[in-house]
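Encoded as structure tokens, the structure appears first; notes follow it.
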Amino acid sequence: LSEAVGRHPDSFEAQYQLASFLVQQRKLRAALPHLERAHAIDPAHYACGHDLALAFLELGKLTEARAQIASMMAAHENAELHNLLGNVEERAGNFAGADPEYERAAHMAPTEEHLFDWGNNLLQVQAFEDAAKVFTPAIARHPRSARLHVGLGIAQYSRGQYEDAVKSFCQAADLAPADPRPYQFLGEMYGVAPAMGEEITRRLARFAKAQPRNAQAQFHYAMSLWKGQPDGSPPPNLRQVEGLLRRAVT
């Protein structure tokens, strides 16, 4: 590919194919000049323009990313570009500026990704009620998305709806048993929703069994057995708790 670019430096295909290969190899700095050259040769090529904007974003060149997206919007305004612009603003710490872009993308194309990005941005600015209003219908559209359930759980927990939050995190854990994120939240909730203690413990037991060398998994399971059971439950098996804690320390 490099030889092809050397032989045909003004060839869009040569420049873009080399750039695409380097992007796949995560060599974005090496890819950038070839993306810029390919875009200069054919400014109307959408995929190349999008890749260029994404490379600018990943490399922290946010001003260039904004300018590239703005130039594309004039001819190709779509949900993908609004969502990408939201990512640029979020990377810049401008969460207020990211919100309308994410919202526009979600309304234009309510994909799982667009809805999650919108709701997650609202969580960043602690607009928990608004986030819940995004995540709830998003889950109705995409019921098997574990991260949408996690997002809703965070919004519920932050509003003091602890039992609802546990249900959301448990649903996420059931949908994606190997994903550590819902277990991290469940592991911190053994004291705030005692009525849901058995549900929490069952998920943490599954994760601890699947991840025997994960210290956090062993610790959270131990604490749930020890302090997370509802009133009236049998006393905890302290030998089992001690064994799990020793394993976590080890």
Rounded to the nearest 0.5 Å, what's the gap from [atom1] on [X] to [atom2] on [Y]? Could you check?
X     : Y      : atom1 : atom2 : answer
Gln15 : Arg37  : CD    : CZ    : 6.5 Å
Leu28 : Leu22  : CG    : CG    : 9.0 Å
Asp99 : Gln124 : CG    : CD    : 12.0 Å
Ser2  : Leu18  : OG    : CG    : 4.5 Å
Ile41 : Tyr16  : CD1   : OH    : 13.0 Å
His50 : Glu80  : NE2   : CD    : 3.5 Å

Test item: [X] side-chain N/O and [Y] main-chain N/O as donor-acceptor pair under 3.5 Å:
X      : Y      : answer
Asn121 : Phe95  : yes
Gln218 : Gln211 : yes
His34  : Ser20  : no
Thr136 : Lys133 : no

Shortest non-hydrogen separation from [X] to [Y] and the atoms involved:
X      : Y      : value
Gly151 : Leu123 : O-CD1, 3.9 Å
Val134 : Leu115 : CG1-O, 3.7 Å
Pro137 : Ala132 : CD-O, 4.3 Å

Original post:
Parallel, tilted or perpendicular: which describes the rings of Phe135 and Phe116, with under 30° parallel and over 60° perpendicular?
Top reply: tilted

Original post:
Have His220 and Gln184 got a donor and an acceptor in their side chains that come within less than 3.5 Å?
Top reply: no

Original post:
Is there a donor-acceptor contact under 3.5 Å linking the side chains of Asn78 and Tyr46?
Top reply: yes

Subject >> side-chain contact (heavy atoms from CB on, under 4.5 Å) partners for Glu199, two or more places apart >> reply: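 For Glu199, the residues satisfying side-chain contact (heavy atoms from CB on, under 4.5 Å) (neighbours in sequence not counted) are Cys170, Met196, Arg202, Arg203.
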
Between [Y] and [X], is there a side-chain heavy-atom distance shorter than 4.5 Å?
X      : Y      : value
Thr201 : Tyr221 : yes
His82  : Glu103 : no
Asp51  : Val23  : no
Gln68  : Ser71  : yes
Glu36  : Glu64  : no
Asp164 : Arg159 : no

Cluster question for you: counting only ILVMFWY and a side-chain heavy-atom cut-off of under 4.5 Å, with indirect links fine, are [X] and [Y] together?
X      : Y      : result
Phe207 : Val166 : yes
Leu225 : Tyr183 : yes
Val241 : Met189 : yes
Leu204 : Met223 : yes
Leu52  : Leu84  : no

Original post:
Would one find more than 12 heavy atoms of other residues, nucleotides or ligands at under 6.0 Å from atom CZ of Arg246?
Top reply: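 Atom CZ in Arg246 is not packed in, count stays at 12 or less.
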
Original post:
So does Gln25 have more than 12 non-hydrogen atoms from other groups sitting under 6.0 Å from CD?
Top reply: yes

Original post:
Would you call Glu112 and Arg141 a salt bridge, taking side-chain N to carboxylate O under 4.0 Å as the test?
Top reply: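 Looking at Glu112 and Arg141, the cut-off is not met.
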
Subject >> Test applied, side chain to side chain donor-acceptor pair (under 3.5 Å); reference residue, Tyr102; option that passes from Asn120, Asn83, Asp117, Asn87 >> reply: Asn87

Subject >> Aromatic contact, Phe12 with His45 (centres under 6.0 Å) >> reply: yes

Original post:
Do the two ring centres, one from Trp118 and one from His107, sit under 6.0 Å apart?
Top reply: yes

Original post:
With Arg181, which residues qualify under salt bridge (charged side-chain N to carboxylate O under 4.0 Å, His left out), at least two apart?
Top reply: Asp179

Original post:
Picking from Tyr157, Phe185, Tyr162, what satisfies ring-ring contact (aromatic ring centres under 6.0 Å, His included) with Phe169?
Top reply: Phe185

